[in-house]
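Data first, discussion second: the structure below is written as structure tokens.
Keep in mind that the numbers below use all heavy atoms, side chains included, and drop hydrogens, waters and symmetry copies. Here the structure is a predicted model, which is why all the values come from computation and not from measurement.
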Amino acid sequence: MNARSHVFELSVENRQVEEVVSSIFHTLLLHRAYGKFHYQQEGTYQVGTLGFVDEDCDFIDFTYVRVASEELTNNMRREITTFKDSLHSAASASESGQISLEFFQRKRARWPFQPECIPWEVWNVKLNVISLNNEHDRQIFREQVGETMTEKVLYIAEVMNRHEYLPKMPNQSEVDLIFDTSYVDVQPYLHRVSYQINGPSSSSVSTTMRKFLKDTLAL
Amino acid sequence: MSAGSSAQNKKDFDKFTKFFIYKCVQIIVQSRLGEKIKSRSKHVSSGSDWFNIAIADNNEVEKEAKKVLSNQTSTLGQTVCIEISLQTCEGDTMVLEIWHISLDINQCDVGAKVSQAGYYRMGIALKSLLSVTRVTPAYKLSRRQASNDYVICYRIYLGEPHYMFLGEDTNKSKVGSVPTPFGTISINLCYRTKLLISPQNTQKEIPFEMKHDHFKQDHSPIRNHVRPTTPKPCAFGHKRESILDSDSSGLHSEEYCKTTFSTSPCESPRIIGADNVVPHHQSQPIKIHLPGSSPVGDRFPDFKTQSLTLSSLFSAPEKPSGFPATHRVGAFAKNAIDKQSESSEDVPFMSLLQQVKKERVDKVDPKNLSGSKGTSSSKTESSKADTVDSVLSESKTSTSSQHSATDDFVMVELKTPFGVSDSNTDLGKFYQECQNAPPLCTSEEEQTLPETLEKITSQLSEFETQMKDFDDFVAELTVDAGADTSVDSVAKK
């Protein structure tokens, strides 16, 4: 089965990187998270309640909704900040990079094979970082990015409501193969964040090998 | 699917759809309250946490929704519309967006079980609604609403959406979709795009562009459309506060989402309705009074828009403006105003000008000079700067008997630069005579424009009659020039 893949391409200022990625990722996680599952009898379970929080952006005219879980928010912030710092410290003149949020499910390990992580939905955000010279341009660009983000959210809503493949609701023994049960208050689908920074020094082969090794070790 | 399970499915469908609509209405209306919302994730769901999402239930909104939905004969037999509008202090209304929930019975997902798949899909649709309600222009407007400026209102009705209220430029978007065995429930949005929102809302004016006759209730065809329900403010008397910014983990989720409505309405009573709209009296329009003109309200009791007021103000002032008429008299020139003022009795400050003329004559009088001498002798030795200061102070002293404090003309007695303060010396007198030199004779022969034109016309006609003489003269000059050159050439030889 091939994972569904979606790509967003945006041009942003350096200070907007974090908020743009957070807006998209948290909107996705809101749709891909539930309350905590509580299994009772075999085959029956109760689901907790998912809270939500409005977040205003400082550098773009935009407000997004995220899941009410401080732990999940902190984890995402850490990943996004790492990406932003890597993007900022890139030596290339034209800074661009890509960060991805991937939802996957695990397959149990069968000897002699390692357990597999099979993505079923991948969201890629390609960013091209630009710099503006004056405050007037920044203000206009701020509004433009806000409008662009509106389109992205509407697109996410449209995709989510197509009700395409979703992993089947698991029983208690298999819940860790589908959901990330490490959080106390919420239960999102298993997901991970990866990124790459585009630069003239990185060759395609080395990048691919690095990614391959990283993915293998992540299993 | 067996009949029993089908009946259970239908029962679940009716029940879930009803609460789905209630929650949609709650999400939409609460997103237009003007504040950020924060609800808490709960380990265990309570009975009111439909679709496992912490959406608080506002009683007023729920009551309104139930009242409207009670008129439905079957589940989503008619489209449920939630209209969000903006209402200004003057009682004018502009519809911003229309959310509508409908059921398409032609698109069914027969294999889906309502109690599980349908329930989760409804949850996803509600999450989409949560996200999308924050990205429309109406959300930004609602965050800036204030009771003395404008408020955001909502209205729930059944039937086809009234798109005509949204104006010409709109965007449509599908927000959510829930396939069920009984049809696909869709949440759709249509919102107005042409909004010019002023970033500095310092004036009490409508911060968006409107046509001049947009709210003319008599002429607009839209107003003839019957609107069965009246818009209600999303936050009745609500003051925008970010009360949920602080970390208060001990509070129950309903307390976070609970919408606070003040028990007292807006400070000035307001009847909201299509035909009977009472203007808001608290906020007064900006009134610009011209001196001598009547106030705006007297002339325009039906004040509607700022532009109308301003255009009326500048079109018909009743009296001339009260700007002080200053006339600068050039040096060595006679005060031409005197002549005009003599001919016209309506020139303002006529008496003052005559006073100035009199004072100019008096200034030459040595008696006046001697009167000011006493005060000037107490001054220090004159440098140029000191002279000016002393002159100013002297002029006030010497002319105080002739001028009132509010006069615009101040006589300044000029002293000889770098000279002694005593103006009775020959040099001083000479200087003053130069300053007050008699006018030239030519300047007395001032003619009016018609006279000048007449004179020029007569000169031209005279030149035309003498044209032949002028031509002969020019010819003579050229002949003479030719003769001279021939003489020069002979001389050289």
Side-chain donor or acceptor of B/Gln30 paired with backbone N/O of B/Ala56 under 3.5 Å | yes
In terms of heavy-atom proximity below 4.5 Å to chain B, should A/His38 be classed as side chain, backbone, both, or neither?
-> side chain
For the candidates A/Val184, A/Asp185, A/Val47, A/Leu154, which exhibits the highest count of non-hydrogen atom pairs separated by less than 4.5 Å from chain B?
-> A/Val47
Aromatic ring proximity A/Tyr189/A/Phe104, centre distance under 6.0 Å | no
Could you check whether the rings of B/Tyr119 and B/Trp50 sit parallel, tilted or perpendicular, using 30° and 60° as the cut-offs?
-> tilted
Run the ring-centre check on B/Tyr120 versus A/Tyr34 and record whether the distance is less than 6.0 Å.
-> yes
Can you say whether A/Val186 sits under 4.5 Å from chain B via the side chain, the backbone, both, or neither, judging by heavy atoms?
-> side chain
Specify which of A/Val153, A/Leu50, A/Val53 makes the most heavy-atom pairs with chain B at under 4.5 Å.
-> A/Leu50
Where on A/Ile156 is there a heavy atom nearer than 4.5 Å to chain B: the side chain, the backbone, both, or neither?
-> neither
Verify whether one side chain among B/Ser45 and B/Asn52 offers a donor that lies under 3.5 Å from an acceptor in the other.
-> yes
Within 45° cone and under 6.0 Å: B/Lys172 NZ/CZ vs B/Tyr163 ring | yes
With chain B, which of A/Asp56, A/Leu166, A/Asp61 has the greatest number of heavy-atom pairs at distances under 4.5 Å?
-> A/Asp56
Max heavy-atom pairs within cutoff under 4.5 Å with chain A, candidates B/Leu130, B/Leu129, B/Ile187, goes to B/Leu130
Heavy-atom contact with chain B under 4.5 Å, split by part of A/Met149 | neither
Would you kindly check if the NZ (Lys) or CZ (Arg) of B/Lys10 is within the cone defined by 45 degrees around the ring axis of B/Phe182 and under 6.0 Å from the six-membered ring centre?
-> yes
Chain A contact via B/Ser173 - which portion, at a heavy-atom distance below 4.5 Å = side chain
